[in-house]
Amino acid sequence: MRPENFDYGGGASATVLHPVVLVGMVLSVILVLTLPRRKIVVPFLLITFLTPLGQQIYIAGTHWLVLRIMILVGCVRVFHQKLTTGGRLVPNGLGAIDWAFTLWAFYAGLAPLLLFGETEAMPLQFAFWIQAFGGYFFLRYLIRDVDDIVTAAKTFAVLALIFGLCMIVERIYWIDMFGYLGGVPVTPAVRADRIRAQASFSHPILAGCFGATLTPLFYWLWKHGKAKALGALGMMGSLVMVYLSASSTPAAAFAGGIVALFLWPIRRYMRAVRWGIVLTLAALDLIMKAPVWFIIARVNVTGSSDAYHRAMLIDNFVRHFKDWWLIGTRENGNWGFDMWDTCNGFVQGAEAGGLVAFGAFIAVIALGFSRLGKVRDLAKRNRQQQWLYWSLGAVMFAHVLAYFGVSYFDQTQMWWFSFLAMVSAAAPSLQAPPPRLEGRKSVEVLEAHAQ
């Protein structure tokens, strides 16, 4: 089996669109086109995550997922505003994170075309660019300041609560209610006599990682003071999602996010902590009989994890550097048993896009950490602002841990894009200290500061 974005020519041969989804999509299209910018993120996120990825319209051999249709509608809204009002659509213009993301998306879409050299792959890669460029920059347009982060976080809290309740039903009655819409199975998967609930997501691990990586954001929403109830409910929903996914990767990401939050008292000594981690890993690599990445093989929270496979995947990835460094590879399935299963976001990105895409992906993460750290230092007198940056840093750390066990290939990508937009929105400028925000402030405050 090839990596997900290499496959083409498959999928449904007819339209798969439930009437409920159709009504929801039409309503969402109307709202995206007519609502004020600040409110658009709510219907966009709701229809994106509540709709299974398999819901689509089939036209002339191409699959128009509901997600892609909503992204295109969003782009229409953006271009209309640009033509009618002018001005910047993204406050402060494009930053380093945006350019690193652009490089990753461009090369990750181009590399498979060069690798396979077949025109049949072009529709899928163009669809990838629609989701990547369209989805990311539309969310950058929607999420501009702290107020927008709060709105998006509240929406994600509602989603986590809905998914948590649905996954409880899935666990008790062995029925995934989203399966009746089409796109996900009605009967959930079972491993080691445990049901692995997945709600509307394409895999239980993705469902669990969605909840796990959102937990620090919900904690900030609760601590923010303006949405304590939703923050608490969001954390409860996330915990349920992690537990009922019955997967080790979400559990590791959840634990990592919580540990990162608890490191707040030693926030001034994080440089020493980072170097301590690096030196510890170097020492372990010297004394271990196997490479240091085989520590992953010991992470088995559920008792039925494929932790050893993930360690072997990284091992083969390193050993076969010459196979993938230029434009990726399609021979990874021959590296060893089950090596076709690239259940690692870093490995998947490299094998699908080569060293350029891999480096750009790492750069997005590194720039995100760096930006949050610098603006947190500038906000020394604003504890509330510091907590926002710290919580987003904890979310980033949780994402990193999640990527070691899965690659985001369904609507979870939109959560990753939303988060990157939040990082840029929360840290508008590195040239001067961020504005003191007491409660909710208008967009003019942050835009004036950015100028």
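Within a 6.0 Å sphere centred on CH2 of W99, heavy atoms belonging to other residues, nucleotides or ligands number 12 at most. Remark: F397 CZ is loosely packed, at most 12 non-hydrogen atoms of other residues, nucleotides or ligands lying under 6.0 Å away.
Using a distance-only test at 3.5 Å, with no hydrogens or angles considered, a donor-acceptor pair links the side chain of N332 to the main chain of M339. In this structure a side-chain-to-backbone donor-acceptor pair under 3.5 Å is present from S238 to G211. The closest donor-acceptor contact from the side chain of S424 to the backbone of A421 lies at 3.5 Å or more, if one exists at all. When atom types are taken as modelled, the side chain of R77 and the backbone of L35 share a donor-acceptor pair closer than 3.5 angstrom. S370 places no side-chain N or O within 3.5 Å of a backbone atom of A366 that could act as its donor or acceptor partner. A donor-acceptor pair under 3.5 Å is formed between the side chain of W390 and the backbone N or O of A260. Within the 3.5 Å criterion, the main-chain N or O of A105 finds a donor-acceptor partner in the side chain of W129. In this structure a side-chain-to-backbone donor-acceptor pair under 3.5 Å is missing from R68 to Q56.
Under the 4.5 Å side-chain criterion, counting only non-hydrogen atoms from C-beta, M167 is in contact with E170. Taking 4.5 Å as the limit, some side-chain heavy atom of L53 sits within range of a side-chain heavy atom of Q411. Within the 4.5 Å cutoff, side-chain heavy atoms of F156 are placed close to those of S418. Contact check for T51 versus L67: no side-chain heavy atoms found under the 4.5 Å cut-off. Counting only heavy atoms from C-beta outward, the side chains of L33 and H80 never approach each other to under 4.5 Å. Residues I168 and L244 are in side-chain contact: their nearest non-hydrogen atoms beyond the backbone lie under 4.5 Å apart. Between D148 and R37 there is a side-chain heavy-atom pair separated by less than 4.5 Å. M414 places a side-chain heavy atom less than 4.5 Å from the side chain of I71.
In this structure, W415 and F210 have perpendicular ring planes: the angle between them is above 60°, well past the 30° mark. Classification of the F294-Y308 ring pair by plane angle, with boundaries at 30° and 60°, yields tilted. Aromatic ring pairs are classed by plane angle as parallel below 30°, tilted from 30° to 60° and perpendicular above 60°; the pair F361 and W104 is tilted.
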Check the pair V406, H203 against side chain to side chain contact (heavy atoms under 4.5 Å, CB included), reporting the backbone distance first and the verdict last. CA-CA 10 Å; V406 71; H203 196 280; 6.0 Å; no
Start with the C-alpha distance between D98 and Y136, add both sets of side-chain angles, then the distance that settles side chain to side chain contact (heavy atoms under 4.5 Å, CB included), and finish with yes or no. CA-CA 9 Å; D98 300 315; Y136 174 76; 2.4 Å; yes
Steps toward ring pair (Phe, Tyr, Trp, His ring centres under 6.0 Å) verdict (F49, F163): CA-CA 10 Å; F49 286 92; F163 288 140; 7.2 Å; no
Check step by step if side chain to side chain contact (heavy atoms under 4.5 Å, CB included) holds for L217 and F419. CA-CA 10 Å; L217 182 64; F419 168 69; over 6 Å; no
Side chain to side chain contact (heavy atoms under 4.5 Å, CB included) between T249 and C209, intermediate numbers included: CA-CA 7 Å; T249 298; C209 286; 3.7 Å; yes
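Shown here for R383 and R267, the closest heavy-atom pair between the two residues is NH1-NH2, 3.9 Å. The two residues L367 and A100 come nearest to each other via the heavy atoms CD1-CB, 4.0 Å. Across C343 and L313, no two heavy atoms sit closer than the pair N-CD2, 3.6 Å. Nearest approach of I149 to A426, heavy atoms of both residues: CD1-CB, 3.7 Å. Residues K154 and A227 approach most closely at CE-CB, 3.6 Å, considering heavy atoms. Nearest approach of V400 to F369, heavy atoms of both residues: CG2-CE1, 4.2 Å.
A cation-pi contact, defined as under 6.0 Å to the ring centre and within 45° of the axis, links R194 to Y243.
The aromatic ring centres of W416 and Y403 sit less than 6.0 Å apart. Less than 6.0 angstrom separates the ring centroid of Y219 from the ring centroid of W387. Taking the centre of each ring, F44 and F138 come in below the 6.0 Å mark.
Note that CD1 of I266 and CG of L263 are 4.5 Å apart. Values are rounded to the nearest 0.5 Å. Within the model, atoms NZ of K380 and CD of Q385 stand 15.5 Å from one another, a figure rounded to the nearest 0.5 Å. To the nearest 0.5 Å, the span separating CD on Q198 from CE on M241 amounts to 10.5 Å. I143 CD1 to I40 CD1: the interatomic distance, rounded to the nearest 0.5 Å, is 12.0 Å. Once rounded to the nearest 0.5 Å, the distance linking CG of D338 with CG of N316 reads 11.5 Å. With rounding to the nearest 0.5 angstrom, the CD1 atom of I258 is 8.5 Å from the CE atom of M235.
Between the side chains of H399 and Y408, at least one donor N or O lies within less than 3.5 Å of an accepting N or O.
Between R38 and D145, at least one side-chain N (NZ, or NE/NH1/NH2) sits under 4.0 Å from a carboxylate O, which counts as a salt bridge.
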